[in-house]
Amino acid sequence: MGISSESLFLPVCRLCTMWKLPSFLARTLTSGTNGLPLLPDMAEGHLPIHVNNVRSRLREIVGASTNWRVHSEGKVRSSAAALRGARIGLVKTEHRDHVQAMQERKALHTLLAKRQEDLPPRRMKDSYLEVILPLGSQPQIREKYLNVYNSVRFGRILEDLDSLGVLICYTHTKQEAQPRSPLSIVTALVDKINLRKKVVHPDCDIKFTGNVSWVGKTSMEVKMHMLQLHDGDYCPVLDATFVMVARDPENKRPAFVNPLIPESPEEEEIFKQGEMNKLKRIDFSTASLLKMAPTAEERNIVHDIFLNTLDTRTVSFRSRVLPPNSVWMEDAKLKGLQICHPQERNIFNRIFGGFLMRKAFELGWATACSCGGSRPFIVSVDDIMFQRPVEVGSLLLLSGQVCYTEKNYIQVRVHSEVYDADTREHHTTNIFHFTFISENEVPRVVPKTYGGKYPVNALPLKLWKRTLPFC
Ligand SMILES: CCCCCCCCCCCCCCCCCC(=O)SCCNC(=O)CCNC(=O)[C@H](O)C(C)(C)COP(=O)(O)OP(=O)(O)OC[C@H]1O[C@@H](n2cnc3c(N)ncnc32)[C@H](O)[C@@H]1OP(=O)(O)O
C-alpha cells in the first residue's frame with residue numbers, strides 16, 4: 001500500500017544537513033509575508049466577507065448543485081466508475097442535483113478564451129479579498145474550530161484557506177458579463193504555509209486576506225495571510241502560498257486565465273518571486289530521486305546511518321542495533337482510512353481539497369504525537385501536491401510517517417491513495433509534508449534498511465524533496 005517505509009528512506013537526511021530545522025524555524029518566524037511586505041493600499045474599499053459566505057459564493061459562481069441526487073431505489077446515480085463504492089442513501093429534494101448542474105456547466109465551454117491574450121489583464125488588487133472568521137464576536141461558530149487544548153484546529157484553518165484561495169482566483173478571472181464562470185479552479189499545490197504563532201486563540205476574531213500574486217498560462221499563485229485580533233490590533237498568525245489551476249467547465253482540460261500586471265516595484269518583486277517559485281519547482285522535479293541517482297554526499301549520509309546501526313558483533317546487513325534515544329523508522333508511522341462521502345464534495349463533485357488536507361494534517365499530528373510523546377505544534381506545511389482528484393465514494397488510505405527528527409522538531413510525510421475495491425488498484429492522490437515542534441525533545445528516527453530499500457522520507461529534507469514530481 002503506497003510507499004513503504006523502506007522505500008522512503010533515502011531523501012530526508014540531505015535536506016536537514018543543508019536546512020537545519022531551528023534556523024528554518026527562525027526564518028519562518030521573522031520573515032514578512034513569506035519574505036515580502038504586505039501591500040498597504042490593497043485593503044482600501046474592501047468589505048470583508050463572512051467566512052460562511054465564501055462557500056456559498058463559490059457555489060453561485062460555478063452553479064454547483066446543492067443536492068447529491070439519488071435514484072428512487074436509494075442508490076447513488078452514478079456516471080463515474082468511482083462512485084461504485086458509495087452506498088449512501090440521501091433524501092431526494094427539489095434542489096438542483098449534481099448531475100443536472102454538471103450538464104448545465106458543459107454549455108459554458110463556449111465562454112472559454114481561445115488564447116490568454118484575449119483575456120483582459122488584472123491587477124493584484126483586483127483579486128484582493130478579506131474574510132472574517134468571527135470567533136470572538138460570534139461564539140456560536142467556535143465549536144467547529146475548537147480542539148481539546150482550547151485552541152483553534154489547524155485542519156479547519158486549512159479548509160478555510162483552500163476555499164478562500166479558490167474564491168480569490170475566481171475574483172481574478174471574473175468577467176462582468178458572465179454570471180457563471182466557465183472555469184473549474186482546483187488546488188494543485190500548497191507551496192508553503194509558515195506559522196508565526198504557536199497557538200491560535202478560539203475566542204478572538206480572525207481575518208484572512210489574500211490576492212493572486214503570479215499567473216502562468218493556466219495556473220495562478222495565491223498569497224494569503226491570517227491575522228488574529230488582540231487588544232484592538234490584528235497580529236499576523238500565518239502566511240500561505242497556494243497554486244491553483246484553471247480547467248474547463250467539466251474539469252477535463254486546462255483553461256487560460258487573465259494575465260496579471262504588476263503595478264509597482266513591490267508588486268514586480270512579488271511577481272518575480274512567483275516566477276522563481278515555478279522555476280524552483282521544475283528544478284526539484286528534474287532532480288527527483290525517481291529520475292536522478294543520489295550524489296556522493298547523499299550516499300555518504302546514508303552509509304553513515306547504516307554504519308551507526310551495524311551490530312559490530314555479527315557485522316551482518318540483517319542484524320542491526322538501535323542507537324540510544326532513537327526509534328526505528330518503521331515504528332514511527334500511523335495509518336488511517338476515510339470513506340469519502342458526498343458531504344465532503346467540492347463545487348465540482350470531487351472531494352474538497354481542504355477536507356483532504358484536514359484529514360492528512362490530523363493523521364500527521366497524531367503520528368508526530370505518538371513518536372514524540374508530547375504535544376506537537378504545527379510550524380510549517382510544505383509542498384502538498386494534489387496529483388489527482390479524489391472521487392466521491394472513494395476509499396482513501398492515509399499513511400503518516402515520521403521521516404526526520406532533530407531536537408524538538410518532527411518532520412512527517414502523509415501519503416494518501418485511493419483504493420478501487422473492484423480492480424484492487426491503488427493510486428496516489430496526494431503527498432503532504434508537515435513540520436511540528438514538540439514540547440519535549442524527541443527521539444531520533446533511524447531507518448533500518450539499506451541496499452536499495454531506503455524509505456525516501458528518512459533523509460534530510462533537501463534530498464527528500466528531490467523525490468517530489470512537480471509540474
Ligand atoms: C447544501 C449543501 C450543498 C453542498 C454543495 C457542494 C459544494 C460544497 C462547497 C465546498 C467548498 C468549496 C470548495 C471550493 C474549493 C475547491 C478546491 C478543491 O477542492 S480542488 C480539489 C483538490 N484538488 C484536486 O483534486 C486536483 C487534483 N489534481 C489534478 O487534477 C491535476 O494534477 C492538476 C489539474 C492540478 C494538474 O494537471 P496536469 O495535467 O499536470 O496539468 P497540466 O500539465 O495541463 O498543467 C496545467 C498547469 O498546471 C500547472 N501545474 C500542474 N501541476 C502543478 C503543481 N503541482 N504545482 C504547480 N503548478 C502545477 C502547470 O505548470 C500548468 O501551469 P501553466 O504553465 O499553464 O500556467
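Residue indices begin at 1 and follow the sequence shown. One-based numbering, in listed order, for ligands and for the atoms of each. FYI, side chains are in, hydrogens and waters are out, and symmetry mates aren't considered; it's all heavy atoms of this structure.
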Which of the numbered atoms in ligand 1 are below 4.0 angstrom from a heavy atom of [X]?
X	answer
Gly216	67 (O)
Ala188	35 (C), 55 (N)
Val243	57 (C), 58 (N)
Pro254	44 (O)
Leu58	12 (C), 14 (C)

Who's closest to [atom] heavy-atom-wise, of [options]?
atom	options	result
atom 8 (C) of ligand 1	Met357, Arg345, Arg57	Arg345
atom 39 (O) of ligand 1	Arg388, Arg281, Glu221, Arg247	Arg247
atom 50 (N) of ligand 1	Leu189, Val245, Thr218	Val245

Give yes if a backbone or side-chain nitrogen or oxygen of [X] is under 3.5 Å from a nitrogen or oxygen of ligand 1, and no if not.
X	value
Asn346	yes
Gln387	yes
Val186	no
Ile351	no
Lys217	yes

Give a yes or no on this: more than 12 heavy atoms of other residues, nucleotides or ligands lie within 6.0 Å of atom [atom1] of [X].
X	atom1	result
Lys144	NZ	yes
Gln140	CD	yes
Gln343	CD	no

>> Quick one, Phe377 with Phe436, criterion ring-ring contact (aromatic ring centres under 6.0 Å, His included). Give me CA distance, side-chain angles, the key distance, then yes/no.
In response: CA-CA 5 Å; Phe377 297 85; Phe436 296 94; 9.6 Å; no
>> Please check: side-chain N/O of His427 versus main-chain N/O of Tyr419, any donor-acceptor pairing under 3.5 Å?
In response: no
>> Can you classify the ring geometry of Phe154 versus Phe361 as parallel (below 30°), tilted (30 to 60°) or perpendicular (above 60°)?
In response: perpendicular
> For Phe256 and Leu119, which heavy atoms make the closest approach, and how far apart are they?
Replying inline: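 In terms of heavy atoms, the two residues are closest at O-CD1, 3.7 Å.
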> Is Lys278 near ligand 1, meaning one of its heavy atoms is under 4.0 Å from it?
Replying inline: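 Lys278: in contact with ligand 1 (<4.0 Å).
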> So among Arg196, Lys192, Lys223, which one has a salt bridge (Lys or Arg N to Asp or Glu O under 4.0 Å) with Asp239?
Replying inline: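 Running salt bridge (Lys or Arg N to Asp or Glu O under 4.0 Å) over Arg196, Lys192, Lys223 with Asp239 returns exactly one hit, Arg196.
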> Got a second to check how far Leu112's CG is from Arg115's CZ, nearest 0.5 Å?
Replying inline: 15.0 Å
